[in-house]
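Because the structure is predicted, anything quoted here is derived from the model rather than measured.
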Amino acid sequence: MLVELFCFLIDVIVLKYFYDDDVIDVGTSDFNALFTVAERLEKLYGGKAHVGLQIPDQDSGSRQSIDLILVTKREAVVVCVKNISGFVSVDKDGRWVCTGGHKTARLSDPVAEAKQLVPVLESYLEQRGITLPEGYLSCKVICSNPNFRTIVSDSFPAEVITYDDWIQLKPESNMLSGWIKGAFRGGKKMQESRYEKLNLVLSTSPMWDRLELKGNKFVLGEFLEFKGDNEDIQALGNIRRSKVSKVTIQKTSMFGVAKSKLQVLYCPRDYRGEGASASDWKEVTVHSRTEVKIQPKGAAVLGQCNAERVPLALPFD
């Protein structure tokens, strides 16, 4: 079964859609915020931002969702991104009270939740053979929505980067200690080999699948399957996660006359990390009525896309 190919080494797929913004009926703003923050952090401080991880928690036997982890040679940071708007304050229990549009909502303490993820990540990394230096790993909460307003800014813990602070962040000698509020320490540099191994482990950790829509819009969730004719599913079944690193699907037709088909190009996985050349790509052609099903993160309903309308790409890295 095709769905089996998504159960191998890691749980990450990227589906790229280039035409229809409304092809899937789920909100994307929260997911967009994650990638926007990740991109800006990489530009400001270098390193690598790993987005949408699902880190196994040995104590609970479940997976803990982490928005993103920024890794530089000086520090690794668990970052929780809050895309909330309105006037926000902190109550005596640390909960956030958000008021806007004649409505009031209360959120569990985001800082406490972020702090709980740190030992989970440390334990997982130790299982993968990486012991981090003391003080190397920390956590932060970033409020990236331009409509985020603080009632009493001093009431927020140092781990919180409000929107006003977020837009003022500037690199300081590429050190995370350049973050305002003294929220980061910026210690000694990690050895190159250790740094590369940490990024390798995180890049092969369980992650949410990623759906990329036109206009740099994103959805995180769980890719379920392709649906289509039996012969097409059998042809696509040759693509297995253990052997394929990337899949690209695009619609093709002959001068707009013949019925369109889906051209599926896939690249063999290179465990040496050298990357595949253009000659390594292989091709399968299927009917354009092939469909893609995805379960968005936090959604009770499935998103379903007709692949005839939108080409897509599936990097398995």
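To the nearest 0.5 Å, atom NZ of residue Lys197 and atom CG of residue Leu200 are 9.0 Å apart. Remark: Leu41 CG to Leu68 CG distance equals 6.5 Å, nearest 0.5 Å. The OG1 atom of Thr72 lies 11.5 Å from the CD atom of Glu42; values are rounded to the nearest 0.5 Å. Note that CD1 of Ile84 and CG of Asn145 are 8.0 Å apart. Values are rounded to the nearest 0.5 Å. The structure places CG of Leu70 at 12.5 Å from CZ of Arg40, a figure rounded to the nearest 0.5 Å. Taken to the nearest 0.5 Å, the CD1 atom of Ile55 stands 9.5 Å off from the OG atom of Ser65.
Legend: residues meeting side-chain hydrogen bond (donor to acceptor under 3.5 Å, both in side chains) with Tyr124, ordered by chain and number and at least two apart, are Arg128, Ser205. Applying the side-chain contact (heavy atoms from CB on, under 4.5 Å) rule to Asp91 yields the partners Asp93, Arg95, Val97; only residues at least two apart in sequence or on another chain are considered.
Using a 4.5 Å heavy-atom threshold, the side chains of Ser29 and Asn83 count as touching. Two residues are said to be in side-chain contact when any heavy atoms from C-beta on lie closer than 4.5 Å; Val88 and Thr150 fail this criterion. Contact of the Leu121 side chain with the Leu137 side chain is registered, since non-hydrogen atoms from C-beta on lie closer than 4.5 Å. Between Leu132 and Leu125 the shortest side-chain heavy-atom distance falls below 4.5 Å. Side-chain contact check for His50 versus Asn199: some heavy-atom pair is nearer than 4.5 Å. Side-chain contact between Val141 and Ile161 is absent, with no heavy-atom pair separated by less than 4.5 Å. At a threshold of 4.5 Å between non-hydrogen side-chain atoms, the residues Glu75 and Ser138 count as touching.
Contact between Gly94 and Pro110 at its shortest, heavy atoms only, is O-CD, 4.4 Å. Nearest heavy atoms, Glu113 versus Ser108: OE2-CB, 3.2 Å. Heavy atoms only, all atoms of each residue included: Val111 and Pro157 are closest at CG2-CG, 4.0 Å. Closest of all the heavy-atom pairs between Cys80 and Leu117 is SG-CD1, 4.2 Å. When all heavy atoms of Tyr195 and Gly47 are compared, the closest pair comes out as OH-CA, 3.3 Å. Considering every non-hydrogen atom in both Ala38 and Val51, the closest pair reads CB-CG2, 3.6 Å.
A cation-pi contact, defined as under 6.0 Å to the ring centre and within 45° of the axis, is absent between Lys282 and Tyr266. Under a cutoff of 6.0 Å and an axis angle of 45°, Arg63 and Trp208 do not form a cation-pi pair.
Leu107 and Leu34 fall within the same hydrophobic cluster, where Ile, Leu, Val, Met, Phe, Trp and Tyr residues are linked whenever their side-chain heavy atoms come under 4.5 Å apart, directly or through other members. Phe35 and Ile167 fall within the same hydrophobic cluster, defined by Ile, Leu, Val, Met, Phe, Trp and Tyr side-chain heavy atoms under 4.5 Å apart, directly or through other members. Under the 4.5 Å side-chain heavy-atom criterion for grouping Ile, Leu, Val, Met, Phe, Trp and Tyr, Phe148 is not connected to Ile151 through any hydrophobic cluster.
Side-chain atoms of Asn32 come within 3.5 Å of backbone N or O of Phe218 as a donor-acceptor pair. Side-chain atoms of Arg74 do not come within 3.5 Å of backbone N or O of Val71 as any donor-acceptor pair. Checking side-chain atoms of Glu159 against main-chain N and O of Lys140 turns up no donor-acceptor pair under 3.5 Å. With hydrogens and angles ignored, the 3.5 Å screen pairs a side-chain donor or acceptor of Asp67 with a backbone N or O of Val81.
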Requested in this report: Using the side chain to side chain donor-acceptor pair (under 3.5 Å) rule, take Gln54 and Gln64 through it: C-alpha gap first, then chi angles, then the decisive distance, then the call.
Outcome: CA-CA 5 Å; Gln54 295 192 83; Gln64 299 295 328; over 6 Å; no

**Report entry** Verdict with reasoning, Trp96 to Cys143, per side chain to side chain contact (heavy atoms under 4.5 Å, CB included)
**Finding:** CA-CA 12 Å; Trp96 288 16; Cys143 305; 3.6 Å; yes

Report task. Could you please spell out the steps behind the side chain to side chain contact (heavy atoms under 4.5 Å, CB included) verdict for Val120 and Ile66? Result -> CA-CA 10 Å; Val120 173; Ile66 296 180; over 6 Å; no

Report task. Could you give me the CA-CA distance, side-chain angles and deciding distance for Lys73 and Glu192, then say whether side chain to side chain contact (heavy atoms under 4.5 Å, CB included) is met? Result -> CA-CA 8 Å; Lys73 292 182 180 179; Glu192 184 69 28; 2.4 Å; yes

Report task. Show the numbers, then the answer: is there a side chain to side chain contact (heavy atoms under 4.5 Å, CB included) between Leu198 and Tyr136? Result -> CA-CA 12 Å; Leu198 174 58; Tyr136 178 81; 3.9 Å; yes

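Counting non-hydrogen atoms of neighbouring residues, nucleotides and ligands closer than 6.0 angstrom, the CD atom of Gln127 exceeds 12 such neighbours.
Remark: Lys297 does not engage Glu222 in a salt bridge, criterion side-chain N to carboxylate O under 4.0 Å. By the 4.0 Å N-to-carboxylate-O rule, Asp229 lies close enough to Arg289 to be salt-bridged with it.
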